[in-house]
Amino acid sequence: QSYRVAILGATGAVGTELLTLLAERSFPLSGLKLLASAKSAGQRLPFQDEALPIEAVHDQAFDDVDIVLASAGGSVSKAWATKIVEAGAVMIDNSSAFRMDPTVPLVVPEVNPEAAAAHQGIIANPNCTTILMNVAVYPLHQVQPVRRIVAASYQSSSGAGARAMEELKNQAQAILNGQAPRPEIFPHPIAFNVFPHNSALNDLGYCEEEMKMVNETRKIFGVPDLRITATCVRVPVLRAHSEAVNLDFDAPFDVEQAREILGQAPGVKLVEDWKTNHFPMPIEASGQDAVLVGRIRQDISNPTGLELWLSGDQIRKGAALNAVQIAELLVQQNLIRSAKQPVSVQA
Ligand code: 2RA
């Protein structure tokens with residue numbers, strides 16, 4: 001069987017990675033449609049040995065589509081969700097629009113693949129920091145339930161989009177040319193700087209990015225009262241996020257056992273050379289599918305605590321790869337149509 005796929009938001013950093021991954025992973029395509037705003041219509045993007053046209057999204061754009069990979073922001077996902085589902089397609093949405101909707105599965109294929117079966121036309125792709133941390137923590141949680149997670153993220157500029165990656169390069173070049181950073185233009189200068197994630201703050205002093213890690217992890221793990229906190233920081237790195245994660249359990253978690261578990265965990269690559277002090281680095285994680293995990297060690301302040309460090313490609317596993325893996329999961333389990341939708345896949 002093969003399927004008709006549309007990428008909504010094809011010109012963004014994640015959209016172009018989706019295109020790359022569909023080709024790299026030989027997704028069974030019987031059709032591929034690139035959709036974006038009217039201003040991008042007419043451009044072409046390379047796909048295998050063709051140059052596919054970008055079309056402006058419109059009401060009938062989804063009538064001949066089975067799967068929509070959406071990465072054009074929450075407002076665009078919300079605007080087109082009904083049309084997509086009514087057309088009988090399933091939307092795998094990379095925005096935060098539907099992640100906490102109780103009727104929408106929030107899926108990391110290595111963690112909760114079974115959740116996908118409950119979809120009613122929409123499946124949400126978690127936030128990048130959530131995906132990376134959940135891939136690393138869940139294998140340990142399966143052996144001994146984690147009671148508390150304290151996460152600190154070191155997030156690349158790609159999380160703020162392709163333009164932010166250019167800003168990082170341009171700001172760095174300007175500084176190397178002797179020009180001082182200009183806070184009046186960039187209130188959060190990123191070159192040679194870090195800053196607490198500048199998403200909206202709640203009345204507890206947490207930003208949206210931090211609350212995404214908290215709320216999404218609880219939903220994906222299926223532990224609504226999981227004790228979790230996060231501090232999210234933007235760092236001058238191009239496209240891979242890193243995270244320092246502290247885990248607390250009811251009883252001590254043997255470090256060697258944790259290392260053995262993570263060494264075999266799906267989606268994880270153990271990177272630990274204690275002799276050369278070589279551990280996960282964003283520059284090595286970039287372009288890889290795996291979440292690199294290392295520096296696994298006993299928390300010296302807490303006998304039931306464990307510390308680990310990870311790096312993962314924000315655009316790839318943090319967004320586009322996870323979405324394509326969800327699409328592959330739907331294909332493998334014949335879940336392209338929810339119970340409410342007629343079957344119309346290409347034979
Ligand atoms: C960020 N996770 O890094 C958000 C959006 N991808 O800013």
Side-chain angles (χ1 to χ4, degrees), residues 7-18 21 69-78 92-100 106-108 124-136 149 151-169 171 186-191 193-202 206-217 219-220 228-245 282-283 285-287 291 310-326:
I7 298 177
L8 179 56
T11 55
V14 174
T16 47
E17 192 76 16
L18 286 166
L21 286 163
L69 299 171
S71 189
S75 56
V76 172
S77 295
K78 282 179 185 168
I92 300 172
D93 182 22
N94 190 48
S95 84
S96 57
F98 299 100
R99 287 177 184 154
M100 300 317 291
L106 182 64
V107 178
V108 179
N125 208 36
N127 195 40
C128 40
T129 44
T130 305
I131 293 171
L132 302 178
M133 188 265 281
N134 283 203
V135 165
I149 299 173
S153 74
Y154 304 72
Q155 297 179 223
S156 58
S157 55
S158 61
R163 187 178 306 157
M165 296 168 80
E166 284 311 303
E167 265 177 32
L168 168 54
K169 295 179 200 172
Q171 289 179 24
F186 293 106
H188 296 92
I190 187 58
N193 189 35
V194 300
F195 56 84
H197 197 282
N198 54 335
S199 49
L201 293 163
N202 68 15
Y206 280 70
C207 69
E208 275 177 3
E209 191 75 358
E210 289 155 352
M211 292 315 295
K212 286 175 184 177
M213 285 189 89
V214 171
N215 295 324
E216 293 173 18
T217 299
K219 181 171 176 179
I220 295 163
I228 171 172
T229 184
T231 299
C232 294
V233 176
R234 187 75 72 197
V235 296
V237 168
L238 281 173
R239 69 171 277 165
H241 287 349
S242 300
E243 296 179 37
V245 183
I283 203 159
S286 297
V291 176
L310 65 89
S311 289
D313 188 312
Q314 181 267 333
I315 298 174
R316 208 169 171 94
K317 182 55 187 173
L321 174 62
N322 200 74
V324 171
Q325 287 171 324
I326 292 172

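Both ligands and their constituent atoms are indexed starting at 1 by order of listing.
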Using a 3.5 Å cut-off and no angle test, enumerate the donor-acceptor pairs between side-chain atoms of residues 10-17 and protein atoms at least two apart in sequence or in another chain.
unit_1 : atom_1 : unit_2 : atom_2 : d
T16    : OG1    : G12    : O      : 3.0
T16    : OG1    : A13    : O      : 3.0
E17    : OE2    : R316   : NH1    : 2.8

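- Residues E243 and T129 come closest through the heavy atom pair OE2-O, 2.9 Å.
- Donor-acceptor pairing under 3.5 Å is recorded for the side chains of S158 and Q314.
- Y154 is linked by a ring-ring contact (aromatic ring centres under 6.0 Å, His included) to W309, counting only residues two or more places apart in sequence or in another chain.
- Near ligand 1, N127, C128, Q155, G159, H197, E209, R234, H241, Q314 each place a heavy atom less than 4.0 angstrom from the ligand.
- For C232 against M213, the heavy-atom pair with the smallest separation is SG-SD, 3.9 Å.
- Listed by chain and number, the residues in a side chain to side chain donor-acceptor pair (under 3.5 Å) with N322 are N125, K317 (sequence neighbours excluded).
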